[in-house]
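Worksheet: the structure to be examined is printed underneath.
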Amino acid sequence: MAETLSIATGDKAGRYAELLPQLASLLEHEADLIACMANVSSALASTFGWHWVGFYRVAGKELVLGPFAGPLACTRIPFGRGVCGTAWAQNATQLVPDVDAFPGHIACSSLSRSEIVVLVRNGTGKVIAVLDVDASELAAFDAVDQQYLEQLAELFANKE
Ligand code: SME
């Protein structure tokens, strides 16, 4: 892929639909996991203007901060803690319309109001990372985000 994205200013689903094939092409041509995570973070942040987009990678019993776009973030999240650690422990996407109402939410930034976390799995189905997206508005994420971000996470299946 070229080092630029081509995204029309349509509605959210339209922008995801344009973005995904471009990211698929990008990931198809790059085997390095970190490089792929870095460009995906940048692409999502620039397409949707979210407050924070990034990856936490599984390292033993913790998640460790990986490539991201946005303000400084906490570096380690234990299994089962916060939204990210809960997604990992429950083996399920977490869609959080109001982070203040989520027990144990880890506030890396006081500007984050809503959040979605999806799992990134390798080819055998093992969770290798989570993709975490934060918005500064309440209820910024819905089933459309969940569907496309889960689809996007599947592009990493052959990276580790
Ligand atoms: N809010 C997350 C922590 C990571 S930051 O949002 C970047 C959580 O509760 O797991």
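All ligand and atom numbering here is 1-based and tracks the order in the structure. As the structure is a prediction and not an experimental result, all values here were calculated from the model. Index from 1, following the sequence.
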Any nitrogen or oxygen of C84, side chain or backbone, less than 3.5 Å from one on ligand 1?
yes
Could you tell me the residue and atom name of the protein heavy atom closest to atom 6 (O) of ligand 1, and the distance to it rounded to 0.1 Å?
D134 OD2, 2.7 Å
Exam field: side chain D145 to backbone D142, donor-acceptor pair closer than 3.5 Å
yes
How far is atom 2 (C) of ligand 1 from the closest protein heavy atom, and which atom is that?
E115 OE2, 3.1 Å
Closest candidate by heavy atom, reference atom 8 (C) of ligand 1, pool V53, L63, V83, T86:
V83
In terms of ring plane angle, is the pair Y148 and Y16 parallel, tilted or perpendicular, where the classes change at 30° and 60°?
parallel
Does the ring center of F156 lie less than 6.0 Å from the ring center of F55?
yes
Would you say K159's side chain and E30's backbone share a donor-acceptor pair under 3.5 angstrom?
yes
Using a strict 4.0 Å cut-off to heavy atoms of W52, name the atoms of ligand 1 that fall inside it.
7 (C)
Between F68 and M37, is there a shared hydrophobic cluster once you connect ILVMFWY residues whose side-chain heavy atoms come closer than 4.5 Å?
no
Between T93 (side chain only) and V118 (backbone N and O only), is there a donor and an acceptor less than 3.5 Å apart?
no
Heavy-atom distances under 4.0 Å are what count here, so tell me which part of Y56 touches ligand 1: side chain, backbone, both or neither.
side chain
Nearest-contact summary for atom 5 (S) of ligand 1 - protein heavy atom, Å
C108 SG, 3.1 Å
Here the atoms of ligand 1 under 4.0 Å from any heavy atom belonging to H105 are 1 (N), 9 (O)
Looking only at non-hydrogen atoms, which of V133, D132, V130, I106 approaches atom 4 (C) of ligand 1 most closely?
D132
Full working for salt bridge (charged side-chain N to carboxylate O under 4.0 Å, His left out) between R113 and D134:
CA-CA 7 Å; R113 306 295 304 282; D134 289 28; over 6 Å; no
